[in-house]
**Q** 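Please see the structure below; I have some questions.
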Number of protein chains: 2
Amino acid sequence: MSDLKQHISTAFDRDLEGIQAQILKMGGLVEAAIHDAAKALESRDEELAEKVRSGDKVIDALDESLNEEAARVIALRAPTASDLRVVLSVMRMSANLERIGDLSKNMAKRTTVLAQMTQINGSTAALRRMARDVESMLKDALDAYIKRDEALALDVIERDADVDQMYNTLFREFLTFMLEDPRNITSCMHLHFIAKNIERMGDHVTAIAEQVVFLATGEKPEDARIKQDRTASDPALSANIELE
Amino acid sequence: MSDLKQHISTAFDRDLEGIQAQILKMGGLVEAAIHDAAKALESRDEELAEKVRSGDKVIDALDESLNEEAARVIALRAPTASDLRVVLSVMRMSANLERIGDLSKNMAKRTTVLAQMTQINGSTAALRRMARDVESMLKDALDAYIKRDEALALDVIERDADVDQMYNTLFREFLTFMLEDPRNITSCMHLHFIAKNIERMGDHVTAIAEQVVFLATGEKPEDARIKQDRTASDPALSANIELE
């Protein structure tokens, strides 16, 4: 019996290692997608943008196979409650990574459109800085997962507030550009979409970090889920803009 | 032994019924949230908007307890592959419902801001029609889940293309309003956010319908995942706008 348990547990560990290898591979590809999408936007590199768009298929495929593998492992190994928690968390993390990949792809699509319009000074550089922050948050969230590092995961969750702040600033900036010159409206709308995409990437990275905290402590970080999109509820924001 | 199996399977069925009751309760609350958020927007009913915002806590709590319950059932009952597939699908559906709730809450937040601005003629009515479509898609997706009705689920997935089309039309419309009169820009940005939120609700409902197809057939609907946000990639769109 103890032999059997021994056997089962090692089999599960082997399976889990395989799943974790997949999530880390996926994480690396998503990091690269964010990086390339932001770089393509700033340098108006349509070829790189196309690479991001086609590369998303690989990320989607990894998410799919990871889900199938995880379900197979649960059904086959009937893991203990704590082992099960790990597998379910990895499935959630995979879903978040897949969404970040979609958002990078969407960003790359808009790059192709924006490349045909007059550039709004400095805005793509600001977007790239924002994307760089999200990229390093993701890197740290995945490191925190590997090391089960609660402190690092909480740090990632905290840093999402800066990304939200950057988004709110860009939102005001784009509105100002539009008010100054209606010819900026179309490109500013697209730039704004991109800012919003990056802000949402930050939310998905935060969700991954929350999973890490949950795995490390068995509890969810309390206020981590409070959203910071002030453009939704801040009348001062629209007031300010109307005064301009 | 067969007694034991018998016992385990009925215990699992009881647990599953409990989980399904929770997801249906959640679905009902989310349907109401979409309905009330759209109604509050059109009638500028800030009280109703506040009700949607506070009501989202209940939806989040249901999602949380459903996930805990599902994990408990998997760990306790070690369900067969096909039973497990049901539980995992319900967990995914719960995540989609929770997101639709968040999007309704966000819509309600913007209603509070928009209530202080001059109304853009007809646009909130159009948004409400769009929301009504998503609401009925959700209702059908949940019915399809209960009856494991593949045809109805595929119908829901198809109808999401109409919602995306409505979104694309509204996107053009809002841009036109902005170009016509810069004083419309701020409110149009908020209205546009709302349109985008509803479009994303449609995507989440589609994801739920995909889970139903998967449960009914064991396969994912092929082209269901192709996104329809033409504003991201259609140069003609921005071209048209610039001609206006």
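What you see is a predicted model; the values in this text were computed from it and never measured. All heavy atoms count here, side chains included; hydrogens, waters and symmetry mates do not. Throughout, protein chains are lettered first and strands after them, A, B, ... in sequence-line order, and every chain is numbered starting at 1.
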**Q** Going by side chain to side chain contact (heavy atoms under 4.5 Å, CB included), A:Pro182 matches just one of B:Asp181, B:Ile185, B:Leu179. Which one?
**A**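 Option passing the side chain to side chain contact (heavy atoms under 4.5 Å, CB included) with A:Pro182: B:Leu179.
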
**Q** Sort B:Leu88 into side chain, backbone, both or neither according to what part of it lies under 4.5 angstrom from a heavy atom of chain A.
**A**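 Interface part for B:Leu88: side chain.
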
**Q** Using heavy-atom distances under 4.5 Å, tell me whether B:Met189 contacts chain A through its side chain, its backbone, both, or neither.
**A**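 The answer is the side chain of B:Met189.
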
**Q** Which atom names give the shortest non-hydrogen contact between A:Ala75 and B:Ala81, and what distance separates them?
**A**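 Nearest pair, atom of A:Ala75 first, then B:Ala81: CB-CA, 4.0 Å.
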
**Q** Which region of B:Arg92, side chain (C-beta onward) or backbone (N, CA, C, O), has a non-hydrogen atom less than 4.5 Å from a non-hydrogen atom of chain A, or is it both or neither?
**A**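 The side chain, not the backbone.
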
**Q** Between atom CZ of B:Arg172 and atom OG1 of A:Thr186, what is the distance when rounded to the nearest 0.5 Å?
**A**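 Nearest 0.5 Å value for the CZ-OG1 distance: 11.5 Å.
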
**Q** Drop me the distance from B:Phe193's CZ to A:Lys196's NZ, to the nearest 0.5 angstrom.
**A**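 It is 5.5 Å, given to the nearest 0.5 Å.
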
**Q** Can you measure from CD1 (B:Ile74) to CZ (A:Arg85) and round to the nearest 0.5 angstrom?
**A**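 Between atom CD1 of B:Ile74 and atom CZ of A:Arg85 there are 14.0 Å.
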
**Q** What part of B:Met107 lies closer than 4.5 angstrom to a heavy atom of chain A: side chain, backbone, both or neither?
**A**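 Neither part, no heavy atoms under 4.5 Å.
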
**Q** So how far is it from B:Leu84 CG to A:Arg72 CZ, rounded to the nearest 0.5 Å?
**A**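 It is 12.5 Å, given to the nearest 0.5 Å.
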
